[in-house]
Amino acid sequence: MDYHLLLKIFSINLIYIMLNTMRLLLSMRGYRLPASCLAVVEITIYAIGLSMVMQYLDQPAYLLAYALGFGVGIYCGMLLEDKIALGYAVIQIFIASDNHALAEELRNRGYGVTVQSGYGRDGDRLILTILTPRSTERKLCRTIEEIDDRAFYISYDAKYIHGGFWTKRVTKLRVQRAHEALEDQEPLDPRTERVSEDEFVNDEINKL
């Protein structure tokens, strides 16, 4: 038995399936060009791996290496896509109708929050909707749990975005700069109408 060949078959199928998983996830999120380019590399690797294993169909060890590469490749592909975290996510939070502290705290941390009224089994509820890059989705979920551990929330992918708070690409650096500008803002006379924090942050982001 050629252990070097076994390793090659395993590695080639692992890479192929990892790219295949990435391509499918990219296609689902609307990244047509990257998915098409990835498909060219993917099918090339697939042809190489298949031609190698076809010569050893009568030996179970080589088929097992091919199958293991398949399974591990799917897992690694999902981990890689999760690490890259392309695109955006929408998080909806359902809280008691008198709980406005969560929305204000999230806004203070740089998130755009839309508040809607809803009605559930226990009466009136507030529905908070937040759009965030997928790269910061888990951090946002931890922040929600830290502020209100009883809040119920769901998240899903946002495929198309137009207008509103996210018309310009908002990065972590932009939000950080906007909040630094907010901290440096000179106090206004209490009798003067003060711009809201959300409006100020949005204006500063648009200036960057």
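If you're wondering where the values come from, they're calculated on a predicted model, not measured in any experiment.
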Could you give the distance from [atom1] ([X]) to [atom2] ([Y]), rounded to the nearest 0.5 Å?
X	Y	atom1	atom2	result
Met18	Leu79	CE	CG	10.0 Å
Tyr88	Thr136	OH	OG1	9.5 Å
Leu19	Leu80	CG	CG	8.5 Å

### Query
Under 4.5 Å between side-chain heavy atoms, hopping through other hydrophobics if needed: is there a path connecting Tyr75 to Leu64?
no
### Query
Given the rule that I, L, V, M, F, W and Y join up when any side-chain heavy atoms are under 4.5 Å apart, are Phe70 and Met22 in one cluster?
yes
Side chain to side chain, [X] and [Y], heavy atoms closer than 4.5 Å:
X	Y	result
Ile144	Ile93	yes
Gln55	Tyr62	no
Arg134	Asp82	yes
Glu137	Ser155	yes

How close do [X] and [Y] get, counting heavy atoms only, and between which atoms?
X	Y	answer
Ala151	Leu102	CB-CD2, 4.3 Å
Tyr66	Asn13	O-ND2, 2.5 Å
Leu6	Ala61	CD2-O, 3.4 Å
Ser97	His100	O-NE2, 3.6 Å

### Query
Ignoring hydrogens and geometry, is there a side-chain-to-backbone donor-acceptor pair from Asp157 to Ala89 under 3.5 Å?
no
### Query
Is the side chain of Tyr31 donor-acceptor paired with the backbone N or O of Gly87 at a distance under 3.5 Å, no angle test?
yes
### Message
Run Leu140 and Tyr111 through side-chain contact (heavy atoms from CB on, under 4.5 Å) and show every step you take.
### Response
CA-CA 9 Å; Leu140 174 55; Tyr111 297 101; 3.7 Å; yes
#### Entry: With Glu145 via salt bridge (charged side-chain N to carboxylate O under 4.0 Å, His left out) - residues at least two apart
none
### Query
Asp124: what forms a salt bridge (charged side-chain N to carboxylate O under 4.0 Å, His left out) with it, not counting sequence neighbours?
none
Applying side-chain contact (heavy atoms from CB on, under 4.5 Å), name anything that partners [X], two or more places apart in sequence or on another chain.
X	result
Thr21	Ile17, Leu25, Ile74, Met78
Val115	Ala103, Arg107, Val113, Leu126, Leu128
Arg150	Asp148

Review item, side-chain donor-acceptor pairs of residues 39-54, under 3.5 Å, at least two apart:
unit_1: Glu42; atom_1: OE1; unit_2: Arg23; atom_2: NE; d: 2.5
unit_1: Glu42; atom_1: OE2; unit_2: Asn20; atom_2: ND2; d: 2.8
unit_1: Glu42; atom_1: OE2; unit_2: Arg23; atom_2: NH2; d: 3.4
unit_1: Thr44; atom_1: OG1; unit_2: Val40; atom_2: O; d: 2.8
unit_1: Ser51; atom_1: OG; unit_2: Ala47; atom_2: O; d: 3.2
unit_1: Ser51; atom_1: OG; unit_2: Ile48; atom_2: O; d: 2.7

### Connected hydrophobic set around Leu33, excluding itself, where side chains approach under 4.5 Å
none
#### Entry: Nonpolar side-chain network containing Phe152, other nodes, edges under 4.5 Å
Phe94, Ile127, Ile154
Just grab all the salt bridge (charged side-chain N to carboxylate O under 4.0 Å, His left out) pairs involving [range], residues at least two apart or on different chains.
range	result
residues 60-69	none
residues 5-16	none
residues 65-74	none

### Task
Decide yes or no on salt bridge (charged side-chain N to carboxylate O under 4.0 Å, His left out) for Glu105 and Arg109, but give the supporting numbers first.
CA-CA 6 Å; Glu105 183 61 29; Arg109 301 193 187 196; 3.0 Å; yes
### Summary
Residues passing the side-chain hydrogen bond (donor to acceptor under 3.5 Å, both in side chains) test with Arg125, sequence neighbours excluded, are none
